[in-house]
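Have a look at the structure below, then the notes.
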Amino acid sequence: MAKTLLLIDGNSLAFRAFYAMHSQLDRMKNQDGLHTNALVAFNNFLDTLVDPMQPDYCLVAWDAGKTTFRTEKLDSYKGSRQSTPPELVEQFPYLRQLVEFHGIKSYELPGYEADDIIGTLAKLGAQADLAVTIVTGDRDLLQLVDENITVLVTKKGVTELETFDPAAVIEKYDGLTAEQIVDMKALTGDTADNYPGVTKIGPVTAIKLLKEWDTLENLYENIEALKKSKMKENLINDRQQAFMSQDLARIRTNIELPIGIDDINYRDADYEGIIPFYQMLNFKQQLAKLHAAGYGKNVNNMQPKQADIKMQAITEANLTEVAALTGEVSFYLETTSPNYHVSEMVGFAIGNDKQGYFVGRSVDWLLTPAIRDLLTSSTIKKNVYNAKATIVLLNRLGITLQNIATDIILAAYLLDTNTNVDDISELAQQFDYYDIESDESVYGKGAKFAIPTDDEILFKHLVNKVHAINQLTPKVMAKLVDHEQMPLYEKIELPLTYVLAQMEIAGIMVDTEQLKAQGSKLIERLSELEQAIYQKAGEEFNIQSPKQLGEILFEKMKLPIIKKTKTGYSTAVDVLEQLAPEAPIVEDILQYRQVAKIQQTYIEGLLKVVHSTDSKIHTRYMQTLTQTGRLSSVDPNLQNIPIRLEEGRKIRKAFVPSHVDWQIFGADYSQIELRVLAHITGDEHLQAAFKEDDDIHAATARRIFGLSKDEEVDGNMRRKAKAVNFGIVYGISDFGLSQSIGVSRAEAKTMIETYFEQYPGVNAWLKSVVAEAKLNGYVETLSKRRRYLPEINAKSFNLRSFAERTAMNTPIQGSAADIIKLAMINMQSALKDQGLQAQMLLQVHDELIFEAPTSEIPILEELVPKIMDSAVSLDVPLKVESHYGPTWFDAK
DNA sequence: TGGATCACG
DNA sequence: ACGTACGTGATCCAC
């Protein structure tokens with residue numbers, strides 16, 4: 001085998017790398033604000049392509065500067081190029097270091113471009129019988145291709161390359177050989193490099209001429225033989241230009257280089273030495289990979305290997321040692337699926353660094369006094385990953401987990417809401433801890449998921465998890481202190497975890513017969529509608545397929561196309577509503593959609609998740625998911641049960657109390673977000689409206705439409721004002737407002753301007769919160785909940801605008817979330833203190849749903865609003881309304 | 001798996 | 001000139 005020489009066009013690939021990850025430019029920065037997008041992509045290229053290639057010789061050639069022999073010949077050479085973006089310029093020195101760590105020399109030569117260095121070394125290599133490979137993003141280098149020299153050109157990003165050998169060049173250039181490429185450029189010129197060719201000659205003509213005359217020289221020697229034509233004239237006139245361009249396009253293959261092939265031996269990548277460099281660049285994934293491969297044992301931040309962890313499998317013999325654990329322990333309970341209400345418990349680990357870790361497969365061990373006492377002890381602190389899951393799981397075993405000190409996932413979410421991971425290893429990586437494999441790599445995924453039957457494998461992984469919890473605990477807690485988020489964590493989120501766990505465990509009773517009865521009626525209705533639709537369409541098709549429906553409506557029936565989506569015609573409600581007067585089928589389709597939604601999502605969907613054991617639905621509240629601090633509800637989602645339309649609202653009749661002679665009781669905050677807005681903006685007029693308990697939308701209408709105090713606000717004005725109020729909360733735009741109330745953009749703009757004149761405090765606050773976000777990179781709620789907005793300074797208008805709207809909305813939505821969370825905590829303890837049987841069951845963002853004995857209803861009507869409106873003290877009053885009835889439907 | 005649609009605050 | 005309202009989850013289809 002011939003020895004190999006690899007030559008890399010540094011600048012060209014750096015540009016490609018930069019633009020390959022350009023969309024993430026604002027997100028990819030290290031601790032010092034250095035952009036790393038090109039570095040990441042370039043590193044991927046080196047990792048995936050160069051390292052495995054293991055060439056004998058290798059060099060990355062760089063451009064030395066703007067002035068080269070080509071600019072001497074033509075002032076304007078490459079003169080039309082935009083200047084290199086500063087975000088890329090700052091990465092160049094580090095790109096060179098990166099290359100060095102990968103065992104590759106860098107080289108540049110004043111007066112020449114990287115191309116000329118590559119050309120010269122490629123020829124030298126070929127002469128020495130080396131197999132030469134060139135990697136570039138620039139097709140001009142294809143002129144170097146010959147039987148010994150192969151050129152790889154980037155196709156997409158920097159890791160997908162297209163290979164050019166002599167045959168491939170001929171194929172690509174329609175019969176032209178690699179040597180002829182220079183002459184082609186001479187004739188066509190190059191707009192990117194800004195040199196001219198011959199007037200009116202493009203690639204097609206150039207290829208035709210060169211196929212006939214072979215070279216530029218030969219063409220001009222025989223120029224008189226060409227038939228008289230405009231082209232011939234142009235060729236003759238532009239002769240000098242053509243030869244100058246040929247000279248510029250030709251890559252030099254014989255420049256004098258102070259280095260030779262022997263100076264560019266490839267050394268293996270220095271994976272050990274690169275670790276601090278990766279750490280500086282914040283390359284977490286790379287670090288994790290290296291660590292998994294066994295590097296970095298002696299580097300700071302890279303933790304001791306698993307072998308150093310004191311661990312033992314639990315036996316009858318060592319139970320006394322487990323029982324002797326004191327102070328603070330970490331605990332992890334493994335399951336086979338995320339739904340902890342039903343998932344199987346397949347193993348656990350418990351312990352601490354000092355006294356060791358204990359691991360077992362059977363959860364029966366947890367029921368032994370030794371371990372049960374630890375878990376229920378109010379003096380021994382527990383550190384966990386996902387406290388709520390752990391509480392619910394242990395509750396299934398009859399164990400009440402007490403005294404949780406740290407839930408690392410909850411804390412990590414408060415530190416950065418983007419941390420919504422469901423794997424300890426991912427979380428660990430974010431905190432520079434790498435001694436743990438991902439669940440996927442140990443258990444597999446999808447059909448291949450399996451808990452290892454080998455104790456050694458499972459136990460090691462479980463101990464790694466609990467050890468990781470133990471190591472991460474002080475790190476996350478220290479950061480909470482940095483962020484001034486300890487009160488948020490200790491007074492709101494952690495106490496809330498217990499409350500949510502109780503609500504989930506309680507579940508809500510469902511009358512399945514009621515649901516089934518509703519379901520059979522809906523099925524009948526659906527088949528009627530289906531027949532009507534087929535009949536009007538003149539054929540049968542899948543009504544639920546937007547594609548097929550679009551074809552029927554817009555192709556067969558030729559209805560006007562109002563809106564398109566990425567994939568075809570839009571058939572969304574607002575579109576269909578506009579089409580309804582045009583064709584009666586549309587009304588049927590709207591009906592069908594509505595009924596199908598209720599039937600599929602709410603009848604069948606809910607029936608599927610009713611637990612057979614207790615006829616209840618147990619949702620899970622995601623406490624570490626939303627970007628604003630709200631909860632979300634899954635499996636099933638009980639926060640989007642229909643209410644707006646009567647047909648759907650009937651679903652609520654199936655949600656009933658779990659005891660005879662009990663009621664469903666609900667209480668909701670009225671206008672909590674606008675009240676929060678009034679409070680944080682300090683706006684006098686908005687505050688006054690709430691202090692006087694005005695109808696807030698009517699009050700806004702009066703102000704933006706200039707009505708006096710006693711003038712009547714008509715329904716339409718109130719509707720528009722309500723949309724403005726919503727718009728303010730969402731981070732308003734004239735376009736958005738115009739869409740929502742169907743007025744012109746100009747009209748919407750005027751309304752917003754008037755609003756800001758009338759509520760100057762709101763205007764000032766919105767401006768200041770965006771400015772604050774731009775300065776800090778994040779915004780905060782009343783309780784110092786934090787949301788990072790990395791795109792707030794983005795160049796892209798869209799990304800930046802979105803971040804700005806988010807900056808305005810998050811403190812409002814998030815503070816409202818803070819308030820109801822506090823109310824829930826206070827509520828739970830009030831119910832307990834007063835010895836009530838009432839149980840809090842659901843939270844729907846601004847409302848709480850309870851079940852209670854009928855006899856307790858009068859007490860709740862006093863107590864619940866009182867607790868809710870006193871959760872925090874704002875500059876405006878909070879208002880709470882309550883309702884009750886025999887089902888959720890009736891609690892209105 | 002992603003897009004379209006639609007349910008909620 | 002850009003192309004938008006904020007925050008979610010479940011279902012279906014199509015690839």
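Just so it is clear: chains get the letters A, B, ... in the order the sequence lines come, proteins before strands, and each one is counted from 1. Since we're looking at a predicted model, the values are computed, not measured.
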message: Give me the distance, rounded to whole Å, that separates dC8(B) from dG3(C) when you measure between the P atoms they each carry.
response: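 Going atom to atom, P in each nucleotide, I get 31 Å.
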
- request: Considering only atom P, compute the distance from dG3(B) to dA5(C) and round it to an integer number of Å.
  value: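 After rounding to an integer number of Å, I get 16 Å for this pair.
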
- prompt: Does Arg630(A) make a side-chain N or O approach to OP1 or OP2 of dG9(B) shorter than 4.0 Å?
  reply: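 Answer is no, no contact under 4.0 Å.
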
- prompt: So, is Arg805(A) near the phosphate of dC6(C), with a side-chain N or O under 4.0 Å from OP1 or OP2?
  reply: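 For dC6(C), OP1 or OP2 has a side-chain N or O of Arg805(A) closer than 4.0 Å.
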
Could you tell me whether [X] contacts a base, only the sugar-phosphate backbone, or nothing, with contacts defined as non-hydrogen atoms closer than 4.0 Å?
X         : value
Gln544(A) : sugar-phosphate
Val729(A) : nothing
Gly731(A) : nothing
Ser801(A) : nothing
Leu631(A) : nothing
Thr810(A) : nothing
Gln548(A) : sugar-phosphate
Ile812(A) : nothing
Ala723(A) : base
Asn637(A) : sugar-phosphate
Ile598(A) : nothing

- prompt: Roughly how far, to the nearest 0.5 Å, is CZ of Arg718(A) from CG of Asn725(A)?
  reply: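 Answer rounded to 0.5 Å: 9.5 Å.
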
field: dT4(C) base stacked by Phe735(A) (centroids within less than 5.5 Å, tilt under 30°)
entry: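 Stacked: centres under 5.5 Å apart, planes under 30°.
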
Between the base of [N] and the side chain of [X], is there a donor and acceptor pair under 3.5 angstrom?
X         : N       : value
Arg787(A) : dG7(C)  : no
Ser740(A) : dA5(C)  : yes
Lys597(A) : dC6(B)  : yes
Arg593(A) : dT11(C) : no

field: Lys/Arg N to Asp/Glu carboxylate O, Glu673(A) vs Arg630(A), below 4.0 Å
entry: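 Counted as a salt bridge, because a side-chain N and a carboxylate O are separated by less than 4.0 Å.
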
- request: Side-chain contact test, heavy atoms from C-beta onward, threshold under 4.5 Å: evaluate it for Glu493(A) versus Ile825(A) and give yes or no.
  value: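 No, side chains not in contact.
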
message: Can you confirm if the NZ or CZ of Arg745(A) lies within 45° of the ring axis of Phe735(A) and under 6.0 Å from the centre of its six-membered ring?
response: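 Not flagged: Arg745(A) not positioned over aromatic ring of Phe735(A).
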
